[in-house]
2 protein chains.
Amino acid sequence: MISMKTKYALKALGFLARAQGKDAFLIAEMAAAENIPKKFLEAILLTLKNQGILASKKGPGGGYSLAVAPEALPIGRVVRAFEGDLAPVPCLGDGAPVKCTECEDMATCGTRLVMADVKTAVTTVLDGVTLKDMLDRSEVERQKQSKTIDYTI
Amino acid sequence: MISMKTKYALKALGFLARAQGKDAFLIAEMAAAENIPKKFLEAILLTLKNQGILASKKGPGGGYSLAVAPEALPIGRVVRAFEGDLAPVPCLGDGAPVKCTECEDMATCGTRLVMADVKTAVTTVLDGVTLKDMLDRSEVERQKQSKTIDYTI
DNA sequence: TTAAAGTCTATAATTCCTATAGACCAAATG
DNA sequence: CATTTGGTCTATAGGAATTATAGACTTTAA
């Protein structure tokens, strides 16, 4: 299960990507628009900024904006900002592999071998979809939905 | 990240699959052999039994045994026993879909669309590998390792 | 210089995970 | 049929992570 932080982050990024008019948006605006607890969103946006995904400007007229174009931002990058490397087991982490406490031999561990495939599968999906792709797919579903409604009225 | 329960479960199942001689093994035996806290393992084995993966016999000479052949037991079934359906978001659960609290429209939610692909990717891997497959792969790695050692000595 | 707006630290409330204790129940065997 | 072996169930404790809030601090534009 992904965390609230990740889900809120994706909502907030979607908001920014869709509203490409203004150059910066207030935390309060985004919180209100997407129904996210303001103080919680604050921390989330800060993380996204530290990851280089968002840019911010302080002071009057300031706010947050995308630092990366929606078509250049893989969803995997956003998810990793909050869920860490997408390792199902510690020994499959991206940096120096951390042996599980209960594991005798990392190299031959069956669980590890299988979970390595899981990790590959997950990252392949998440790194293959950009923020723009996600919004487009959402839009397609919305079209389908309204079309269905047109027919049924 | 998968839980200790899942990892311990896979270790215990591997132990039973490898030791196909006796008909039943004691919790205490398995706990000792695989270095798992006995009381904790107790709860794990009970879950596996309730899932129909293990069978048990009480009383003297009793113990646990596999209720499913290793080649007929997908790892996904074991993981699901402890991690639940492998839904990255509640709205992708196997039963009646539970709408996320923060979600406005499930049908068009971009996060949900992407996570559906993730779920498919994960389940495809986990349901495509049996306990036997896992042990075989582990054995292959062990062979590789000993071969390497032979050369270096 | 003052008000706007992001940044940082601390902390509360809740939930989940890991693990242990102990009472209880079922079955085999003499 | 009683005793002993061994699985079953309930409760619970400790700790870590998650979700969220409060408030002080810093930067910057006008």
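Each chain gets a letter, A, B and so on, in the order its sequence line appears, and its residues count up from 1.
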Trainee: Indicate yes or no: at least one non-hydrogen side-chain atom of A:Y8 is less than 4.5 angstrom from one of A:E34.
Mentor: no

Trainee: Can you tell me how far C1' of C:dA19 sits from CD1 of B:I27, to the nearest Å?
Mentor: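 Result: 15 Å.
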
Trainee: CD1 of B:I44 versus P of D:dG7: gap in Å, rounded?
Mentor: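 Spelled out: CD1 on B:I44 to P on D:dG7 is 15 Å.
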
Trainee: Would the distance check show the side chain of A:R18 and the main-chain N or O of A:L135 forming a donor-acceptor pair, the cut-off being under 3.5 Å?
Mentor: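 No: the side chain of A:R18 does not pair with the backbone of A:L135.
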
Trainee: Tell me, for nucleotides 13-23 of chain D in 5' to 3' order, what letter each nucleotide earns: B for a base near a protein heavy atom under 4.0 Å, S for only sugar-phosphate near one, - for neither?
Mentor: ------SBBBB

Trainee: Rounded to the nearest angstrom, tell me the gap between atom CG in B:N35 and atom C1' in C:dA19.
Mentor: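 Taking atom C1' of C:dA19 as the reference, CG of B:N35 is at 15 Å.
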
Trainee: With distance as the sole criterion, is a donor-acceptor pair present between the side chains of B:T130 and B:D133 under 3.5 Å?
Mentor: yes

Trainee: If only side-chain N and O atoms count, and only distance matters, is there a donor-acceptor pair under 3.5 Å linking B:E83 with B:S3?
Mentor: yes

Trainee: Checking all strands, does A:L26 fall into the base, sugar-phosphate, or nothing category for heavy-atom contacts under 4.0 angstrom?
Mentor: sugar-phosphate

Trainee: When rounded to the nearest 0.5 angstrom, what distance separates CG in B:L126 from CE in A:M115?
Mentor: 5.0 Å

Trainee: Rounding to a whole Å, what distance do you find between A:D23:CG and C:dA5:C1'?
Mentor: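 Value for this atom pair: 14 Å.
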
Trainee: Check the distance between C:dA19's C1' and A:E102's CD and give it to me in whole angstrom.
Mentor: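 Rounding to the nearest Å, CD of A:E102 and C1' of C:dA19 are 15 Å apart.
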
Trainee: Between P on C:dA26 and CG on B:L46, what's the gap in Å once rounded to a whole number?
Mentor: 14 Å

Trainee: Are there any protein N/O atoms within less than 3.5 Å of an N/O atom in nucleotides 26-30 of chain D, and if so, which ones and at what distance?
Mentor:
{"residue": "D:dT27", "atom": "O4'", "partner": "A:K58", "partner atom": "NZ", "Å": "3.4"}

Trainee: Will you find, in the side chains of B:E104 and A:N35, an N or O donor that is under 3.5 Å from an N or O acceptor?
Mentor: no

Trainee: Between B:Q145 and B:E141, does a side-chain hydrogen bond (donor to acceptor under 3.5 Å, both in side chains) hold up when you go through it step by step?
Mentor: CA-CA 6 Å; B:Q145 208 177 55; B:E141 293 303 315; over 6 Å; no

Trainee: Write down the distance between CG (B:L48) and P (D:dT8), rounded to a whole number of angstrom.
Mentor: 11 Å

Trainee: Spell out, as yes or no, whether a donor-acceptor pair under 3.5 Å connects the side chain of B:S138 to the backbone of A:T108.
Mentor: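 Confirmed, B:S138 side chain pairs with A:T108 backbone.
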
Trainee: In Å, rounded to the nearest 0.5 Å, how long is the span from CG of A:L131 to CG of A:L66?
Mentor: 7.0 Å

Trainee: How many Å lie between CG on A:L54 and P on C:dG6, as a whole number?
Mentor: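 After rounding, the reported distance stands at 11 Å.
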
Trainee: Would you tell me if any nitrogen or oxygen in the side chain of A:S56 comes within less than 4.0 Å of OP1 or OP2 on C:dA5?
Mentor: no

